[in-house]
Enquirer: 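Attaching a single structure in structure tokens format; questions to follow.
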Amino acid sequence: MNVELIGLTKRYGTAIAVDAIDLKVPSGAYCCLLGPSGCGKTTTLRMIGGHERASAGEVVIGPKAVGDAAPSERGTAMMFQSYALFPHLDARDNVAFSLKMRGVGKAERRAEAMAMLDLVQMGHLAGRLPAQLSGGQQQRVALARALLTGPKVLLLDEPLSALDPFLRVRMRVELKRIQTELGLTFIHVTHSQEEAMALSDLVVVMNAGRIEQASDPRTVFERPATAFVARFIGGHNVIRLPGGMIAVRADRMRLGAEAGHAAMPARVVAVEYQGTSVHVGLDADGLERPSEGSAALTAVLSDVDFAARPLRPGDTVTVGWDMAAAHRLDA
């Protein structure tokens, strides 16, 4: 089911958490709301689900505006960051709990719960209590519980943040598989750029309550709309020139004889080995650092190229980029 936000606003007194945003999420899309803490992404998710009242604007789910409709009347389900499982119920009864509240018979609700646990590959642990499950297993139970309500739109509030990095990658694959298999609209809040890029059809980058850019992951990475997006997504150098600002991907910076366009002398200030690549931090006269303690520019070299021409902090090297690699940013 499609979701549309029209001038959606949330105020807390004089503070504006979400500032008149407009967004269309197509039916069956995986959408990630991405941004730093305090940018308004979780507040936006909660307004879509009816857990937060909008100060102005409208949420449209499917063919109708939901206005002040209760969460249970919107065709949505929320998967919270904390999972919120009942500690005294096993996995099957946690999943079946909403059906119990509706008066569904024990045999029927347990059968439906088992089918949903099988979908998330947890049927073999249906009899375990939450305390007997790992974090990733608890997350799968919480996902099955949310899906059992039959939502058209699933809302996920940083569902992977409590997992270790290895498990996070595994669960990304599972979430995408389930979303594709069921054909549901997923709206997923995250502060992880990697997570948003891996999962989404639509990335919505938020900053200070506003949407900086909303597009497919490749477009957001290849053609960031603003300096904020380029810096937050990462992997870009934001360079201020007399005619405005440009973004150049760090892996498209050129060093030495290959420096190409806008070649300038630079000082190596940091070298970080990353396995398959090496990140070289550079300072150059006239270029400002994006933040205290960071380098003005970063060049990403393959480990093979770096090994052939190694650099150390204190070295001087020519740096530049190809004209085609520069992308102009909005003011």
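The chain is numbered in sequence order, starting from 1.
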Enquirer: Do you know which two heavy atoms are closest between Ala113 and Leu148, and how far apart they sit?
Expert: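 Ala113 and Leu148 have their closest heavy atoms at N-CD1, 4.3 Å.
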
Enquirer: With side chains defined as the heavy atoms from C-beta onward, is the minimum distance between Met47 and Val18 less than 4.5 Å?
Expert: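 Result yes, sub-4.5 Å side-chain heavy-atom pair found.
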
Enquirer: How far apart are the C-alpha atoms of Leu129 and Leu89, what are their side-chain angles, what is the distance that settles it, and do they pass the side chain to side chain contact (heavy atoms under 4.5 Å, CB included) test?
Expert: CA-CA 6 Å; Leu129 296 172; Leu89 298 180; 5.8 Å; no

Enquirer: Given salt bridge (charged side-chain N to carboxylate O under 4.0 Å, His left out), test Asp315 with Arg267 step by step and report yes or no.
Expert: CA-CA 6 Å; Asp315 288 349; Arg267 297 175 301 281; over 6 Å; no

Enquirer: Under 4.5 Å between side-chain heavy atoms, hopping through other hydrophobics if needed: is there a path connecting Leu156 to Ile48?
Expert: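 The answer is no; the residues belong to distinct hydrophobic clusters.
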
Enquirer: We want to know whether Asp157 and Thr42 form a side-chain donor-acceptor pair, criterion being a heavy-atom distance below 3.5 angstrom.
Expert: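 There is such a pair between these side chains.
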
Enquirer: Mind checking the CZ-CE spacing from Arg92 to Met122? Nearest 0.5 Å is all I need.
Expert: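 Spacing of CZ (Arg92) from CE (Met122) equals 12.5 Å.
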
Enquirer: Would you check if the side chain of Thr185 reaches a backbone N or O of Val153 as a donor-acceptor pair within less than 3.5 Å?
Expert: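 No.
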
Enquirer: Set out, in order, the CA-CA distance, both residues' side-chain angles and the distance that settles salt bridge (charged side-chain N to carboxylate O under 4.0 Å, His left out) for Arg249 and Asp251, then state yes or no.
Expert: CA-CA 5 Å; Arg249 277 175 43 177; Asp251 61 336; 2.7 Å; yes

Enquirer: Which is it for Arg223 and Leu329 under the side chain to side chain contact (heavy atoms under 4.5 Å, CB included) test, yes or no, and what are the steps along the way?
Expert: CA-CA 8 Å; Arg223 303 188 65 79; Leu329 300 168; over 6 Å; no

Enquirer: Between Glu158 and Arg168, is the closest basic N to carboxylate O distance under 4.0 Å?
Expert: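 Not counted as a salt bridge, because no side-chain N and carboxylate O are separated by less than 4.0 Å.
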
Enquirer: Grab the two heavy atoms, one from Lys41 and one from Thr190, that are nearest each other, plus how far apart they are.
Expert: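 Smallest interatomic distance, heavy atoms only, reads CE-O, 3.4 Å.
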
Enquirer: Using atom types as modelled and distance alone, determine if a side-chain donor or acceptor of Arg74 lies under 3.5 Å from a backbone N or O of Ala69.
Expert: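 Yes, Arg74 side chain to Ala69 backbone: donor-acceptor pair under 3.5 Å.
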
Enquirer: Without swapping roles, check the side chain of Arg109 against the backbone of Lys100 for a donor-acceptor pair under 3.5 Å.
Expert: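 Checking the backbone N and O of Lys100 against the side chain of Arg109, no donor-acceptor pair under 3.5 Å is found.
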
Enquirer: How far apart are the closest heavy atoms of Met253 and Ala299, and which atoms are they?
Expert: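 Looking at all heavy atoms of both residues, the closest pair is CB-CB, 3.9 Å.
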
Enquirer: Going by heavy atoms in the side chains, are His327 and His236 under 4.5 Å from each other?
Expert: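 No, side chains not in contact.
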
Enquirer: Starting from Leu125, can I reach Val95 by hopping between I/L/V/M/F/W/Y residues whose side chains sit under 4.5 Å apart?
Expert: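 Yes, same cluster.
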
Enquirer: Within a radius of less than 6.0 Å around CD of Gln132, do more than 12 heavy atoms belonging to other residues, nucleotides or ligands occur?
Expert: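 Counting other residues, nucleotides and ligands, CD of Gln132 exceeds 12 neighbours.
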
Enquirer: Backbone N or O of Ser134 within a donor-acceptor pair of the Gln137 side chain at under 3.5 Å?
Expert: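 Flag set: sc Gln137 to bb Ser134 pair under 3.5 Å.
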
Enquirer: State, to 0.1 Å, how close Met245 and Ala227 come at their nearest heavy-atom pair, and which atoms those are.
Expert: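 That closest heavy-atom pairing would be CE-CB, 3.8 Å.
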
Enquirer: Identify the two heavy atoms, one from Leu154 and one from Ala146, that lie closest to each other, and give their separation to 0.1 Å.
Expert: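 In this case the closest contact between Leu154 and Ala146 is CD1-CB, 3.7 Å.
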
Enquirer: Backbone N or O of Ala295 within a donor-acceptor pair of the Arg289 side chain at under 3.5 Å?
Expert: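 Such a contact is absent between Arg289 side chain and Ala295 backbone.
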
Enquirer: For the pair Gln138 (side chain) and Leu133 (backbone), establish whether a donor and an acceptor sit closer than 3.5 Å, ignoring hydrogens and angles.
Expert: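 Checked: pair present.
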
Enquirer: Report the C-alpha separation of Val280 and Glu272 in whole Å, then their side-chain angles, then the decisive distance to 0.1 Å, and conclude whether the side chain to side chain contact (heavy atoms under 4.5 Å, CB included) test is met.
Expert: CA-CA 6 Å; Val280 180; Glu272 291 187 352; over 6 Å; no

Enquirer: Are the side chains of Arg46 and Leu155 in contact, using a 4.5 Å heavy-atom criterion?
Expert: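 Leu155 does not reach Arg46 side chain to side chain.
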
Enquirer: Determine, step by step, whether Leu184 and Leu147 satisfy the side chain to side chain contact (heavy atoms under 4.5 Å, CB included) criterion, reporting the C-alpha distance in whole Å, the side-chain angles of both residues, the deciding distance to 0.1 Å, and the verdict.
Expert: CA-CA 10 Å; Leu184 300 180; Leu147 292 171; 3.7 Å; yes

Enquirer: Determine whether Thr76 and Ile187 make a side-chain contact, defined as any pair of heavy atoms from C-beta on separated by less than 4.5 Å.
Expert: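 Not in contact.
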
Enquirer: If you look only at distance, which donor and acceptor atoms sit under 3.5 Å apart when one is on a side chain in residues 317-324 and the other is two or more places apart or in another chain?
Expert:
none

Enquirer: For the atom pair NZ (Lys152) and CD1 (Ile61), what is the distance rounded to the nearest 0.5 Å?
Expert: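 That separation rounds to 12.5 Å.
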
Enquirer: Any side-chain heavy atom of Ser98 within less than 4.5 Å of one from Met101?
Expert: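 No, every pair of side-chain atoms sits at 4.5 Å or beyond.
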
Enquirer: Can you list every pair that meets ring-ring contact (aromatic ring centres under 6.0 Å, His included) and has a residue in residues 99-128, with sequence neighbours left out?
Expert: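 Listed by first then second residue: nothing to list.
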
Enquirer: Check Asp19 with Lys10, please: is the shortest side-chain N to carboxylate O separation under 4.0 Å?
Expert: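 Looking at Lys10 and Asp19, the cut-off is not met.
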
Enquirer: Does Ile16 share a hydrophobic cluster with Ile6, counting links as ILVMFWY side-chain heavy atoms below 4.5 Å and allowing steps through other members?
Expert: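 No, separate clusters.
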
Enquirer: Does the separation of the ring centres of Phe306 and His279 fall below 6.0 angstrom?
Expert: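 Here the rings of His279 and Phe306 have centres that are no less than 6.0 Å from each other.
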
Enquirer: Honestly curious: do Val271 and Leu297 fall in one hydrophobic cluster under the side-chain, below-4.5 Å linking rule?
Expert: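 Yes, same cluster.
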
Enquirer: Taking all non-hydrogen atoms of both residues, which atom of Ala144 and which atom of Val120 are closest, and how far apart?
Expert: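 Nearest pair, atom of Ala144 first, then Val120: CB-CG2, 4.0 Å.
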
Enquirer: Just wondering, do Gln121 and Arg177 contact through their side chains at under 4.5 Å, heavy atoms?
Expert: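 The answer is yes, as the side chains (C-beta and beyond) meet within the 4.5 Å cut-off.
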
Enquirer: Between Lys176 and Asp201, does at least one N-O distance fall below 4.0 Å, as a salt bridge requires?
Expert: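 Looking at Asp201 together with Lys176, the answer is yes, because their closest N to O distance falls below 4.0 Å.
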
Enquirer: If I take atom CG from residue Leu99 and atom CZ from residue Arg145, how far apart are they, to the nearest 0.5 angstrom?
Expert: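 Nearest 0.5 Å value for the CG-CZ distance: 12.0 Å.
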
Enquirer: Report whether Met116 and Val141 are members of the same hydrophobic cluster (ILVMFWY, side-chain heavy atoms less than 4.5 Å apart, transitive linking).
Expert: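 Looking at the clustering, Val141 is in the same group as Met116.
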
Enquirer: Please evaluate residues Glu112 and Arg102 with respect to the criterion salt bridge (charged side-chain N to carboxylate O under 4.0 Å, His left out), reporting the C-alpha separation (whole Å), side-chain torsions for both, the decisive distance (0.1 Å), and the verdict.
Expert: CA-CA 14 Å; Glu112 291 192 35; Arg102 295 184 208 167; over 6 Å; no

Enquirer: When rounded to the nearest 0.5 angstrom, what distance separates CD1 in Ile211 from CG in Leu34?
Expert: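 Those atoms lie 12.0 Å apart.
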
Enquirer: Under 3.5 Å, is there a donor-acceptor pair between the side chain of Glu222 and the main chain of Thr219?
Expert: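 Not at all, since once roles are kept as given, no pair shorter than 3.5 Å links the two residues.
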
Enquirer: Given 3.5 Å as the limit, does a donor-acceptor pair link the side chain of Asp22 with the main chain of Gly7, or not?
Expert: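 Confirmed, Asp22 side chain pairs with Gly7 backbone.
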
Enquirer: Output the distance between atom SG (Cys39) and atom CD (Glu212), rounded to the nearest 0.5 Å.
Expert: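 Those atoms lie 10.0 Å apart.
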
Enquirer: Donor-acceptor check, side chain of Glu52 to backbone of Thr44, threshold 3.5 angstrom: yes or no?
Expert: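 Between the backbone of Thr44 and the side chain of Glu52 there is no qualifying donor-acceptor contact (under 3.5 Å).
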
Enquirer: Tell me whether Asp285 at atom CG has more than 12 heavy atoms from other residues, nucleotides or ligands lying less than 6.0 Å away.
Expert: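 No, because the 6.0 Å sphere around CG of Asp285 holds 12 heavy atoms or fewer from other groups.
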
Enquirer: Can you find a pair of side-chain heavy atoms, one from Leu199 and one from His188, that are under 4.5 Å apart?
Expert: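 Answer yes - side chains close enough.
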
Enquirer: Using the ring of each side chain (for Trp, its six-membered ring), is Phe186 parallel, tilted or perpendicular to Tyr30, with breaks at 30° and 60°?
Expert: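 The rings of Phe186 and Tyr30 sit tilted, inter-plane angle from 30° to 60°.
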
Enquirer: Can a donor-acceptor pair be found, under 3.5 Å and without considering hydrogens, that links the side chain of Ser200 to the backbone of Ala198?
Expert: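 No; judged by distance alone, with no hydrogens or angles, the pair does not exist.
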
Enquirer: Would you mind reporting whether Arg128 and Asp90 have side-chain heavy atoms less than 4.5 Å apart?
Expert: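 Counting from C-beta outward, Asp90 and Arg128 never come under 4.5 Å.
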
Enquirer: Can you measure from CZ (Arg170) to CG (Leu163) and round to the nearest 0.5 angstrom?
Expert: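 Here the interatomic distance stands at 10.5 Å.
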
Enquirer: Mind telling me whether Phe228 and Phe232 have parallel, tilted or perpendicular rings, with 30° and 60° as the class edges?
Expert: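 The arrangement is parallel - the two ring planes meet at less than 30°.
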
